[in-house]
Amino acid sequence: MPLKPLYLAALLLLLAEACFAGIGALVKLTSDSASQAQVVFFRNFFALLVMLPWIVSQGRQILYTKRWYLHASRATTGIISMYSFFYVISQLPLAQAMLVLLLSPFVVPLIARIWLKERPSRLTLFAIALGFVGVFLAIPLQGEAGNTLILMLGLLSAVLVAITKTTIRYMSDTEPAARIVFYFSLLTAVISFIPVPFAWHPLPEIAWWAFAGMGVLAAAGQMAMTKAYALAPASDIGMWTYSSVVFAGLFGYMFWQEPVTMGWFAGVLVIFYAGYISTRQRLI
């Protein structure tokens with residue numbers, strides 16, 4: 001394909017990943033002043049507010065669905081994943097936390113094998129194994145039970161993200177992207193509100209600004225990612241998805257002086273290579 005659209009698509013995907021890493025940084029910023037329930041709810045609520053004008057512009061047909069159970073299932077797994085991942089962010093350096101979530105692309109083929117009966121190739125299975133090796137290199141357990149629990153929650157979050165992605169693939173034959181985004185935004189905001197009254201406490205002004213920032217970054221990231229994949233196929237630009245961990249390392253160092261270790265660098269290289277193998281084989 002022509003180089004100009006390819007470069008533009010790569011830049012847009014880099015922008016999207018910077019936005020997603022920025023959301024992680026804002027979650028970490030609010031983790032000391034807000035409860036988990038407040039963080040999860042306001043992240044979803046402000047994202048819904050920002051995207052509402054675009055959703056309304058789609059017309060009433062966006063409401064019509066016969067697969068509400070899949071929308072509800074995706075929203076539920078999404079919320080559980082957020083709770084798990086946001087806790088991991090509060091406990092680990094931002095760069096390490098984001099790295100755990102990058103396992104989700106490698107888990108998708110395993111979920112698809114069980115649910116959609118899609119048989120992954122041997123090369124895909126090798127890439128999956130490499131991805132897990134990369135995470136264990138970047139986040140050594142050091143024999144501490146607390147670290148093991150954090151890593152398990154991170155892996156749970158990655159698996160749940162993979163399930164939500166597989167759900168999107170399963171329903172995309174009848175559900176347009178706008179409807180999927182609408183129901184996910186609406187249902188996550190409604191469901192995540194339920195525990196808020198029981199975990200409510202006053203919030204500082206900076207937390208409200210952070211929540212609003214999460215909404216803006218979520219909308220900007222989604223739009224940039226959608227445009228990027230409209231300009232170029234995933235096989236050509238998919239590798240840039242892993243840049244979020246680099247942005248996370250930069251944000252962690254800038255705002256919290258979090259050091260990055262040689263183990264983290266090694267894990268990043270292994271995961272980048274695994275992603276390269278997984279992506280490029282689509283061209284064969």
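The structure displayed is predicted, hence computed values, not measured ones.
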Exercise. Does the side chain of Thr30 come within less than 4.5 Å of Leu26's, by heavy atoms?
Worked result: no

Exercise. Are Trp209 and Val39 in one and the same hydrophobic cluster, where Ile, Leu, Val, Met, Phe, Trp and Tyr link if side-chain heavy atoms are under 4.5 Å apart?
Worked result: no

Problem set entry | Crowding at CZ, Phe45 (>12 non-hydrogen neighbours, <6.0 Å) | no

For this session: Please check if Val190 and Val50 belong to a single hydrophobic cluster, counting links between Ile, Leu, Val, Met, Phe, Trp and Tyr side chain heavy atoms closer than 4.5 Å.
Result: no

Problem set entry | Euclidean distance, Leu156 CG relative to Ser84 OG, rounded to 0.5 Å | 4.0 Å

For this session: Quick one: do Trp256 and Leu29 satisfy side chain to side chain contact (heavy atoms under 4.5 Å, CB included)? Show the steps, please.
Result: CA-CA 10 Å; Trp256 293 280; Leu29 177 67; 4.2 Å; yes

Exercise. To the nearest 0.5 Å, what is the distance between OG1 (Thr65) and CZ (Phe182)?
Worked result: 10.5 Å

Problem set entry | Over 12 foreign heavy atoms within 6.0 Å of CG, Leu269 | yes

Exercise. Ser157 and side chain to side chain contact (heavy atoms under 4.5 Å, CB included): which partner among Phe85, Phe86, Tyr87?
Worked result: Phe85

Problem set entry | Candidate pair Val159 and Ile163, rule side chain to side chain contact (heavy atoms under 4.5 Å, CB included), full reasoning | CA-CA 6 Å; Val159 169; Ile163 291 174; 4.2 Å; yes

Exercise. Are Met254 and Ile89 co-members of a hydrophobic cluster defined by side-chain heavy atoms under 4.5 Å apart?
Worked result: yes

Exercise. Are side-chain heavy atoms of Pro195 and Tyr83 found at a separation under 4.5 Å?
Worked result: yes

Exercise. Do Arg179 and Met171 have side-chain heavy atoms sitting under 4.5 Å apart?
Worked result: no

For this session: Go through Phe193 and Asn44 one step at a time and tell me if the side chain to side chain contact (heavy atoms under 4.5 Å, CB included) criterion holds.
Result: CA-CA 9 Å; Phe193 174 74; Asn44 292 314; over 6 Å; no

Exercise. Do any N or O atoms from the side chain of Gln38 and from the backbone of His201 form a donor-acceptor pair under 3.5 angstrom?
Worked result: yes

Problem set entry | Side-chain touch Val216/Phe46, heavy atoms, less than 4.5 angstrom | no

Seminar exercise, completed: When every non-hydrogen atom of Gly154 is compared with those of Val88, the smallest separation belongs to N-CG2, 3.6 Å

Exercise. Can you check whether Met214 reaches Phe42 side chain to side chain, under 4.5 Å on heavy atoms?
Worked result: no

For this session: Examine distances only and state if a side-chain atom of Gln91 and a backbone atom of Ile150 form a donor-acceptor pair shorter than 3.5 Å.
Result: no

Exercise. Going only through I, L, V, M, F, W and Y residues with side-chain contacts under 4.5 Å, is there a path from Ile23 to Met98?
Worked result: yes

Exercise. Are Ile194 and Phe211 joined in one hydrophobic group, where the rule is that I, L, V, M, F, W and Y side chains link up if heavy atoms are under 4.5 Å apart?
Worked result: no

Problem set entry | Atom pair OG1/CZ of Thr174 and Arg67 - distance to nearest 0.5 Å | 4.0 Å

For this session: Check whether NZ of the Lys or CZ of the Arg Arg74 lies under 6.0 Å from the centre of the six-membered ring of Tyr183 and within 45 degrees of that ring's axis.
Result: no

Exercise. Nearest 0.5 Å, what's the CE-CZ distance between Met82 and Arg43?
Worked result: 4.5 Å

Seminar exercise, completed: Correct closest heavy-atom pair for Leu48 and Ser185 would be CD1-CB, 3.7 Å

Exercise. Is the backbone N or O of Thr77 less than 3.5 Å from a side-chain atom of Ser81, with the two atoms forming a donor-acceptor pair by type?
Worked result: no

Problem set entry | Single hit among Ile79, Thr76, Val40 for side chain to side chain contact (heavy atoms under 4.5 Å, CB included) with Thr188 | Ile79

Exercise. Do the side chain of Ser73 and the main chain of Tyr69 share a donor and acceptor less than 3.5 angstrom apart?
Worked result: no

For this session: Classify the ring geometry between Phe255 and Phe251 as parallel (under 30°), tilted (30 to 60°) or perpendicular (over 60°).
Result: tilted

Problem set entry | Glu258 side-chain N/O to Leu94 backbone N/O, donor-acceptor pair under 3.5 Å | yes

Exercise. Rest of the hydrophobic cluster containing Tyr253 (Ile/Leu/Val/Met/Phe/Trp/Tyr, side-chain heavy atoms under 4.5 Å)?
Worked result: none

Exercise. Side chain of Ser31, backbone of Lys28: donor and acceptor closer than 3.5 Å?
Worked result: yes

Problem set entry | Reported OG-to-CH2 distance for the pair Ser33 and Trp208, which is rounded to 0.5 angstrom | 11.0 Å

For this session: Supply the atom-to-atom distance Glu205 CD to Leu203 CG, rounded to the nearest 0.5 angstrom.
Result: 11.5 Å

For this session: Check Ala224 against Ala16 and note the closest heavy-atom contact, atom names and distance.
Result: CB-CB, 4.0 Å

For this session: Measure across Ala199 and Ala37 and return the closest heavy-atom pair with its distance rounded to 0.1 Å.
Result: CB-CB, 3.9 Å

